[in-house]
Amino acid sequence: MRRRVLDWYAVHARPLPWRDPETTAWGVFVSEVMSQQTPVGRVEPVWREWLARWPTAGDLAAESPGEVVRAWGRLGYPRRALRLREAAVAMVEHHDGEVPQDEDALRSLPGVGAYTAAAVAAFAHGRRTVVVDTNVRRVLARTLQGRAQAAPALTAAESRLAAEVVPQDPETSAVWNVAVMELGALVCRARSPECEACPVRDLCAWVAAGRPADDGPPRRGQAWHGTDRQVRGAIVQTLRESPDAIARAGLEHAVCTRLRLDPARHAAQVDRCVGSLVEDGLVEPVDGDRLRLPA
DNA sequence: CAATCGTGGAA
DNA sequence: TTTCCAAGATT
């Protein structure tokens, strides 16, 4: 199993820029945060802009939150941009401006959870960690458990299983971690798995079982139309595109127009979302009734 | 533990 | 057209 996956990766790995040996730990760190819940294909162009503009943690730490959110563009979940900047500040203040190597130190940074800490320790520093992302969970669920998809949330049994299959040698373990992720992203995909092209199809428990459909509870889809998330997104997008602060009434109008919502019916919702964005530090009130990205 | 938090492309 | 979901983190 391990040899097959490692050999497959050696041939089929995508040439992502942050996999270049020349890429710094900071570059890897940025790529991991940007890739949280965002397809890597969408991350790549923004990552290039960021690394050219802010080549080190110190460079980003010195930037204003608003500029960082603006440069985040449409990657989604803009709070990640704020936390990435806060993580850079923490690196400057507590880690001599460098990306920590220790998994626990990484985990303590803003916006860094179990996955990102393990990934950065492995891919930026060559540490032996157990990287468990959505790809790894799906690959292990299929190959070892014979299930179509992993459980809705990460279970202790899953973590144990993932830890067992990571090679002992640190160098090999890092390649293994990224290789399983890549296999899940390119071949063992969630929707249309390409088992014919899979290096471990002949020892995959799911294939052996005839690729049974998922037997778990149906996943409730994320509601979108008319939600606060949609409204928040439109607010931040509008402010991102405006070099100047915008009056509250003008912002409400712009957001409702953008989303084709009745202003009379949704003014309160827009207002409430502005409030939550201010609390999150994504929006800043100025001059009494005007709003902008935080300076 | 479950809800919340953006966005856009593919099925 | 609607649905699914992608290198998760936080509360």
Side-chain angles (χ1 to χ4, degrees), chain A residues 9 13-14 16-19 27-47 69 72-84 86-87 106-124 129-139 148-156 159 162 174 177-186 188-194 214 217-240 255 258-259 272-273 276-277 279-283:
Chain A
Y9 180 76
R14 291 169 292 181
L16 300 175
W18 46 88
R19 288 181 182 162
V28 173
F29 185 85
V30 171
S31 80
E32 289 301 338
V33 174
M34 286 184 170
S35 298
Q36 292 167 356
Q37 294 289 282
T38 300
V40 297
R42 215 177 304 166
V43 165
E44 191 168 337
V46 182
W47 181 89
V69 169
W72 190 254
R74 304 183 64 83
L75 290 180
Y77 295 143
R79 289 191 293 193
R80 288 183 295 158
L82 293 181
R83 292 180 179 141
L84 183 42
E86 289 163 11
L106 284 162
R107 181 66 180 74
S108 72
L109 296 171
V112 176
Y115 162 77
T116 303
V120 172
F123 307 147
T129 64
V130 181
V131 177
V132 185
D133 78 326
T134 184
N135 290 303
V136 174
R137 297 185 61 211
R138 185 174 55 253
V139 170
Q149 14 177 125
L154 181 63
T155 65
S159 298
N177 279 324
V178 72
V180 178
M181 287 173 62
E182 192 78 334
L183 186 63
L186 299 183
C188 195
R189 297 183 295 252
R191 298 218 212 157
S192 50
E194 201 176 348
D214 179 51
R219 296 187 173 184
R220 41 189 299 261
Q222 304 173 336
W224 178 244
H225 187 71
T227 61
D228 283 3
R229 290 165 82 174
Q230 187 189 30
V231 171
R232 283 170 54 106
I235 291 169
V236 173
Q237 185 179 352
T238 301
L239 293 177
R240 252 194 335 249
V255 166
R258 187 189 288 279
L259 301 181
R272 178 162 43 78
C273 287
S276 72
L277 286 166
E279 281 190 47
D280 290 345
L282 283 163
V283 172

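Everything numeric here is computed off the predicted structure, so don't read it as measured data. First the proteins, then the strands, lettered A, B, ... as listed; each starts at 1.
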Identify whether any heavy atom of A:G76 sits under 4.0 Å from a base atom; if not, whether one sits that close to sugar-phosphate; answer base, sugar-phosphate or nothing.
base
Measure the spacing between CD of A:E86 and CZ of A:R79 and express it to the nearest 0.5 Å.
11.5 Å
In this structure, how many angstroms lie between the P atom of C:dC5 and the CD atom of A:Q37, rounded?
12 Å
Going by modelled atom types, is there a donor-acceptor pair between the base of C:dA7 and the side chain of A:R19 at under 3.5 Å?
yes
A:T116 vs C:dA9: side-chain N/O to OP1/OP2 distance below 4.0 Å
yes
Where each residue is assigned the nucleotide of DNA chain B containing its nearest heavy atom, which of A:A153 and A:R79 is assigned the position nearer the 5′ end?
A:A153
Are A:E32 and A:V112 packed together at the side-chain level, in the sense that at least one heavy-atom pair is separated by less than 4.5 angstrom?
no
Closest to the side chain of A:A185, out of C:dA7, C:dT10, B:dC5, is C:dA7
May I ask you to say what A:W72 touches in the nucleic acid, namely base, sugar-phosphate or nothing, with a heavy-atom cut-off under 4.0 Å?
nothing
It should be established whether A:R80 places a side-chain nitrogen or oxygen under 4.0 Å from OP1 or OP2 of nucleotide B:dC5.
no
Got A:Y115 and A:V131 here, is their nearest side-chain heavy-atom distance under 4.5 Å?
yes
Please assess A:E182 against A:R19 for the test salt bridge (charged side-chain N to carboxylate O under 4.0 Å, His left out), listing each intermediate value before the final yes or no.
CA-CA 12 Å; A:E182 192 78 334; A:R19 288 181 182 162; 2.8 Å; yes
Please report the distance, rounded to the nearest Å, between CG in A:L106 and C1' in C:dG8.
15 Å
State which of B:dT7, C:dG8, B:dC5 makes the closest approach to the side chain of A:R229.
B:dC5
Under the 3.5 Å rule, do the base of B:dG6 and the side chain of A:T38 count as making a donor-acceptor pair?
yes
Describe the nucleic acid contact of A:L16 in one word from base, sugar-phosphate, nothing, applying a heavy-atom distance below 4.0 Å.
base
When all nucleic acid strands are considered with a 4.0 Å heavy-atom cut-off, which category describes A:R138: base, sugar-phosphate, or nothing?
sugar-phosphate
Can you find a donor-acceptor pair, distance only, under 3.5 Å between A:R42 side chain and B:dT7 base?
yes
Given C:dA7, B:dT7, C:dC5, the nucleotide with the shortest approach to the side chain of A:A190:
C:dC5
Value for CD (A:Q36) from CG (A:D133), rounded to nearest 0.5 Å, stands at 11.5 Å
To the nearest Å, give me how far apart CG (A:L109) and C1' (C:dT10) are.
15 Å
From CG of A:L84 across to P of B:dG6 the rounded distance in Å is 16 Å
May I ask you to verify if any side-chain N or O of A:Q36 is less than 4.0 angstrom from the OP1 or OP2 atom of C:dG8?
no
Heavy-atom distance under 4.5 Å between the side chains of A:N177 and A:M181, does that happen here?
no
Rounded to whole Å, please give me the gap between CH2 in A:W224 and P in C:dC5.
17 Å
NA contact type, A:V136, heavy-atom cut-off 4.0 Å: base, sugar-phosphate, or nothing?
nothing
Rounded distance (Å) that lies between atom P of B:dC5 and atom CZ of A:R83:
12 Å
Atom-pair distance (CG on A:N135; C1' on C:dA6), nearest Å:
8 Å
Can you check the A:E194 CD to B:dA11 P distance for me, whole Å?
11 Å
Which whole number of Å gives the distance between the P atom of C:dA7 and that of B:dC5?
23 Å
